[in-house]
Amino acid sequence: MSESSSDLRPLSLVQARALHLAAQGLLQPPKRRARRNDLLATIQRMRLLQIDSIHVVARSPYLVLHARLGDYPSIWLEEALEEGRIAESWAHEACFVTASDLGFHRAWRSQSESNHWADRHAARTRDSHAKEMQNLLARIRASGPVRASDFERADRGVSGWWEWKPEKKWLEAWFASGELMVMRRERFQRVYDLAERVLAKLDPPYDEAAYTFSAPELRKRFILDSVRALGITQARWVADYFRLKPSVDDRELAALVASGDLLSVQVAGWDNLAYVHPDHAEVLDKARLGRLRATHTTVLSPFDPIVWDRARLRDMFDFDYTIECYVPEAKRQYGYYVLPLLHRGRLVGRVDAKAHRSEGVFEIKALFLERDVEPSERMLDDIAQAIAATAAWHGTPKVRLGRCRPAHITSALRARWRS
């Protein structure tokens, strides 16, 4: 460890943000066009990629990758899944993880008693529909992979996230408990198969050595992976990354600092210690010396690792965020599916957007800058370019802007998209 990473000088909040963004791959724009292996490296860097099916704009996992990779073919994600280079697993929530990490997730879930809603749902479903679920498993064993859409719905016209047909519930219960896995996706629909058949095609090959780890050893691994992925973190933010229980506190992390597995640092304005993985010691030095320069401007998914922990988001970026698609329309403040705007190390605003793919139009119903943000010409240039790039990647290159806050930037942004 270098002298500067072991001294007691506190980081500024700006320096802490830069370290956080550097670890997450959001400090600077990509320096070259994305290659296939970059997708895998990005997921490995974050340690997971949360899955969500809302597609007002691109579904969340594609948008998270776009923020880090720039223009890339979204089909790469499905191809990586079908090739076995990534797999689906319950981690933070339902996530893509790399094949090399999957064994640790399965080992952890086999050893720990989970309070996650997916596990509770799976247990209830198995208890109440044991015979039907065994029959479904036997069908897949005999006939091969299935989709939920392969089964007719008896109560046609019923819809909604929690109004799944029985077979969908049974498939998800087997997936949560590990007997089924996702072989591939077709138009983002899961194709389920026996876990043994999916595990057999993983690249690198599935290694059951993770099952030799004790529960404390696996917990330590996930704690260290969380701190590495976050770049810098307080103890109270660690458990949420992989939904560890019980929560992580300073006493548990103090032992990891004493063993050299973590570094502890002070951040000005934070009452609690912060922690950094030794893999980031050099980046920590650069941050402390003011040599990490945030230059990236992009739109973020509501399910981006930067965004999903609302308490961390407030402390790190002074940004209050609620995903309002779960809020009744009359009570929404900003819109249905609002994307935070990252600009050169700050979250400066949010965009209520919708991609009209058949028309080739990327509609911005509203764009809100934070009330303390004074937009410069450079900021407006960067925001306009970032949104235009996102729109083009969606296949909706025409940007249509509704209202803005502050109102006077509306004409300035429209002019940039006309030019």
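Nothing fancy with the numbering, it's 1 onward along the sequence.
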With [X] as the cation and [Y] as the aromatic partner, state whether NZ or CZ is under 6.0 Å from the six-membered ring centre and within 45° of the axis.
| X | Y | answer |
| --- | --- | --- |
| Arg350 | Phe368 | no |
| Arg59 | Tyr62 | no |
| Arg147 | Tyr192 | no |

[X] (side chain) donor-acceptor with [Y] (main chain) under 3.5 angstrom:
| X | Y | value |
| --- | --- | --- |
| Lys354 | Phe362 | no |
| Arg109 | Ser177 | no |
| Asp309 | Arg312 | yes |
| Arg68 | Thr42 | no |
| His66 | Ala58 | no |
| Gln50 | Pro61 | no |
| Thr233 | Leu230 | no |
| Asp249 | Glu252 | yes |
| Arg219 | Pro246 | yes |
| Lys165 | Ala148 | yes |

Does [X] come within less than 4.0 Å of [Y], counting only side-chain N to carboxylate O?
| X | Y | answer |
| --- | --- | --- |
| Arg236 | Asp315 | yes |
| Asp101 | Arg47 | yes |
| Glu172 | Lys168 | yes |
| Lys331 | Glu324 | no |
| Glu82 | Lys201 | no |
| Arg190 | Glu88 | yes |
| Asp38 | Arg32 | yes |
| Arg416 | Glu377 | yes |
| Arg184 | Glu83 | no |

Check against side chain to side chain contact (heavy atoms under 4.5 Å, CB included), Met379 and Glu374: CA-CA 9 Å; Met379 178 185 291; Glu374 293 291 337; over 6 Å; no

His356 side chain to Glu363 side chain, donor-acceptor N/O pair below 3.5 angstrom: yes

Under 3.5 Å, is there a donor-acceptor pair linking the side chains of Gln44 and Thr98?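 There is such a pair between these side chains.
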
Could you label the plane-to-plane angle of the [X] and [Y] rings as parallel, tilted or perpendicular, counting under 30° as parallel and over 60° as perpendicular?
| X | Y | result |
| --- | --- | --- |
| Phe222 | Trp108 | perpendicular |
| His277 | His280 | perpendicular |
| His20 | Phe317 | tilted |

What pair of heavy atoms forms the shortest contact from [X] to [Y], and how long is it?
| X | Y | result |
| --- | --- | --- |
| Val265 | Leu273 | O-CD2, 3.6 Å |
| Ile51 | Phe188 | CG2-CZ, 3.8 Å |
| Ala388 | Val399 | CA-CG2, 4.4 Å |
| Leu48 | Ala91 | CD2-CB, 3.9 Å |
| Ile140 | Leu194 | CG2-N, 4.0 Å |
| Arg310 | Tyr321 | CD-O, 3.5 Å |

Output the distance between atom [atom1] ([X]) and atom [atom2] ([Y]), rounded to the nearest 0.5 Å.
| X | Y | atom1 | atom2 | result |
| --- | --- | --- | --- | --- |
| Asp71 | Trp393 | CG | CH2 | 8.5 Å |
| Ser226 | Arg243 | OG | CZ | 11.5 Å |
| Tyr72 | Arg33 | OH | CZ | 12.5 Å |
| Arg85 | Phe96 | CZ | CZ | 14.5 Å |
| Ile364 | Leu413 | CD1 | CG | 7.5 Å |
| Arg185 | Glu78 | CZ | CD | 8.5 Å |

Are the side chains of [X] and [Y] in touch, meaning some heavy atoms are under 4.5 Å apart?
| X | Y | result |
| --- | --- | --- |
| Leu342 | Thr297 | no |
| Leu262 | Leu224 | yes |
| Cys95 | Leu49 | no |
| Leu218 | Tyr211 | no |
| Arg314 | Phe319 | no |
| Arg357 | Thr396 | yes |
| Leu137 | Met133 | no |
| Leu77 | Ile86 | yes |

Near-ring test Trp237/Trp270, centroid separation under 6.0 angstrom: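 Yes.
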
Could you tell me if the ring centre of Phe242 sits under 6.0 Å from that of Trp90?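 No, they do not, as the ring centres are separated by 6.0 Å or more.
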
Residue from Leu339, Leu367, Asp382 passing side chain to side chain contact (heavy atoms under 4.5 Å, CB included) with Ile387: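 That would be Leu367; it is the only one of Leu339, Leu367, Asp382 passing the side chain to side chain contact (heavy atoms under 4.5 Å, CB included) with Ile387.
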
From CA spacing to verdict: side chain to side chain contact (heavy atoms under 4.5 Å, CB included), Ile383, Ile409: CA-CA 11 Å; Ile383 289 173; Ile409 68 171; over 6 Å; no

Evaluate the criterion salt bridge (Lys or Arg N to Asp or Glu O under 4.0 Å) for residue pair Lys220 and Asp261; output intermediate values, then yes/no. CA-CA 10 Å; Lys220 175 182 175 181; Asp261 291 301; 3.3 Å; yes

Quick check on Arg45: does its CZ atom have over 12 non-hydrogen neighbours (other residues, nucleotides or ligands) under 6.0 Å away? yes

For side chain to side chain contact (heavy atoms under 4.5 Å, CB included), just list the numbers for Leu21 and Ile306, CA-CA rounded to whole Å, side-chain angles, deciding distance to a tenth of an Å, and then say yes or no. CA-CA 8 Å; Leu21 293 171; Ile306 295 290; 3.9 Å; yes

Stepwise side chain to side chain contact (heavy atoms under 4.5 Å, CB included) check, Leu347 with Leu300: CA-CA 10 Å; Leu347 289 174; Leu300 299 177; 3.9 Å; yes

Let me see the working for Arg346 and Glu370 under salt bridge (Lys or Arg N to Asp or Glu O under 4.0 Å), right down to the final yes or no. CA-CA 10 Å; Arg346 296 175 63 196; Glu370 295 297 278; over 6 Å; no

